[in-house]
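For reference, the structure is listed below as structure tokens.
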Amino acid sequence: MMFSDYLSLFSFADALGVAVILGSWLLIGWRIEHPSQSKPSVSLLMGEYRREWLRKMTERSPRIFDAQILGTLRANVGFFASSTMIAIGGALALLGNSDQLRGIATDLGAERSPAVYWEIKLFLVLLFLANAFLKFVWSSRLFGYCGVLMGAVPNDPKDPKAIPRALKAAQINIFAARSFNRGLRSIYFALAAACWFAGPWGLLAGTAVTCAMLWRREFTSQSRAILMQVEDD
């Protein structure tokens, strides 16, 4: 089949759904990372707490507690990276088995559609999963850099290098968390992309639900309300 033949398998609604999910993925990610000053996101608020954590680290001795926190963060990243690899392997195995794809088509009442029609839909899911895996890998590496910088912070809090190095470690930690959050968003949108198997309107509905969930968690959740509470001095 030629490229034009592949395109003929899809309707305008399919093209609209793909454009909407890709645009929503990029736009909501940008908004979460660049919120307005009057309404910061949970991710931005947590970034400030990460800086405060590593400032306080300079006053702790020994720093076993801080190492345990960092180890937990890296373990979380490793778990999601491994899970994403399994999901990618499952999707690739499904791509190589046209009989299973035809079975999916039959279950969804579209048994007349060729296997390539479903393979292209599966590629959209793989796009998000691959991006998630790459983000998790980079996040793990950045948390490793953060650990090295934390180890380089002088034990004496009065040392002039203590706070600057702690703030460097905090900034790397923030970058690692940002990459981790991007990976999580890609997993959410991979699940939304799977709704395309139910048709273009299923894809649009899955995108809308995913965006609403991400927006609520970042801007209207109870956890954000707790982070926004004014602390007495």
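Throughout, residue positions are numbered sequentially from 1 according to the sequence presented. Keep in mind that what you see is a predicted model, and the values were worked out from it rather than measured.
A continuous path of hydrophobic side-chain contacts links F123 to I21 [ILVMFWY only; heavy atoms under 4.5 Å]. Under a hydrophobic clustering in which Ile, Leu, Val, Met, Phe, Trp and Tyr are joined whenever their side-chain heavy atoms come within less than 4.5 Å, directly or via other members, I172 and I174 fall into different clusters. Hydrophobic clustering (side-chain heavy atoms under 4.5 Å, transitive across Ile, Leu, Val, Met, Phe, Trp, Tyr) keeps I187 apart from W215. Under the 4.5 Å side-chain contact rule for hydrophobic residues, L26 and Y188 share a cluster. In the hydrophobic clustering of this structure, F133 groups with V125; members are Ile, Leu, Val, Met, Phe, Trp, Tyr whose side-chain heavy atoms approach within less than 4.5 Å, directly or through other members.
Residues I28 and T210 fail the side-chain proximity criterion, which asks for heavy atoms closer than 4.5 Å. Counting only heavy atoms from C-beta outward, the side chains of T72 and N76 approach each other to under 4.5 Å. T84 has its side chain out of reach of K135: every pair of non-hydrogen atoms, C-beta onward, lies at least 4.5 Å apart. A 4.5 Å side-chain heavy-atom check between L203 and V20 finds every atom pair outside the cut-off. In this structure the side chain of L44 never reaches within 4.5 angstrom of the side chain of Q37, judged on heavy atoms. You'll find the side chain of R51 reaches within 4.5 Å of the side chain of R55, heavy atoms only. With a 4.5 Å cut-off on side-chain heavy atoms, W25 and F128 count as touching. Between V42 and R217, the closest side-chain pair of non-hydrogen atoms is not below 4.5 Å.
Closest approach of A162 and D156 over heavy atoms only: CB-O, 3.7 Å. Residue C195 comes nearest to G202 through the heavy atom pair CB-O, 3.2 Å, listed as atom of the first residue, atom of the second, then distance. Contact detail for A169 and L54: the closest heavy-atom pair is C-CD1, 3.5 Å. Smallest separation of non-hydrogen atoms from V153 and A166: CG2-N, 3.8 Å.
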field: Trace of the side chain to side chain contact (heavy atoms under 4.5 Å, CB included) decision for L73 with R50
entry: CA-CA 12 Å; L73 293 174; R50 290 173 190 274; 3.9 Å; yes

field: Check against side chain to side chain contact (heavy atoms under 4.5 Å, CB included), I32 and N181
entry: CA-CA 10 Å; I32 288 171; N181 289 332; over 6 Å; no

message: If you apply the rule side chain to side chain contact (heavy atoms under 4.5 Å, CB included), what do you find for R165 with T58, and how did you get there?
response: CA-CA 10 Å; R165 286 187 180 175; T58 61; over 6 Å; no

task: Using the side-chain hydrogen bond (donor to acceptor under 3.5 Å, both in side chains) rule, take S43 and S41 through it: C-alpha gap first, then chi angles, then the decisive distance, then the call.
output: CA-CA 5 Å; S43 298; S41 62; 4.7 Å; no

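With sequence neighbours excluded, the residues that form a side-chain contact (heavy atoms from CB on, under 4.5 Å) with K168 are L149. For R182, the salt bridge (charged side-chain N to carboxylate O under 4.0 Å, His left out) partners at least two apart in sequence or on another chain are E33. Annotation: ring pair (Phe, Tyr, Trp, His ring centres under 6.0 Å) contacts of W201 (sequence neighbours excluded): none. For the side-chain contact (heavy atoms from CB on, under 4.5 Å) test, residues two or more places apart in sequence or in another chain that qualify with L45 are P40, R224, L227, M228.
Applying the side chain to side chain donor-acceptor pair (under 3.5 Å) test to pairs two or more places apart or on separate chains, those with a residue in residues 62-71 are W53-D66, R60-D66. Contacts classified as ring pair (Phe, Tyr, Trp, His ring centres under 6.0 Å) and involving residues 69-90 (residues at least two apart or in different chains) are given here: F80-F136, F80-F180.
In this structure, E59 places its CD atom where more than 12 heavy-atom neighbours from other residues, nucleotides or ligands lie under 6.0 Å away.
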